[in-house]
Amino acid sequence: MDYLTDTVHDYGIALRVIRDEATPGFFVNLITNLPNHGFDMESIWEFYHLR
């Protein structure tokens, strides 16, 4: 993380929160930096299980 220095303490990043009902009545919140377009819930769950 060499972009953080003694004088630069901030790093900008965009995140999104996804809330999905995994099973009836049980919700999961995921935080990702994947963009909105190109990644449907099926893909995101696939990635989640690969972690």
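The first residue of the sequence shown is numbered 1, and numbering continues consecutively from there. No experiment lies behind these values; they were computed from the predicted model shown.
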Practice problem: Would you check, one step at a time, whether the test side-chain contact (heavy atoms from CB on, under 4.5 Å) holds for Ile13 with Tyr11? | Solution: CA-CA 7 Å; Ile13 187 169; Tyr11 176 74; 4.3 Å; yes
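- Considering CH2 of Trp45 and CD1 of Ile18, their distance stands at 9.5 Å, rounded to 0.5 Å.
- Residues Glu46 and Phe39 have side chains not in contact (no heavy-atom distance under 4.5 Å, counting atoms from C-beta outward).
- In this structure, Arg51 fails the cation-pi test against Phe47, since its NZ or CZ atom is not both closer than 6.0 Å to the six-membered ring centre and inside 45 degrees of the ring normal.
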Could you give me the CA-CA distance, side-chain angles and deciding distance for His9 and Leu4, then say whether side-chain contact (heavy atoms from CB on, under 4.5 Å) is met? CA-CA 6 Å; His9 304 282; Leu4 298 177; 5.8 Å; no
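- Atom CD of Glu42 has 12 or fewer neighbouring heavy atoms from other residues, nucleotides or ligands inside a 6.0 Å radius.
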Considering only distance and modelled atom types, tabulate donor-acceptor pairs under 3.5 Å from the side chains of residues 24-34, sequence neighbours left out.
from: Asn29; atom 1: OD1; to: Arg19; atom 2: NH1; distance (Å): 3.4
from: Thr32; atom 1: OG1; to: Leu34; atom 2: N; distance (Å): 3.0

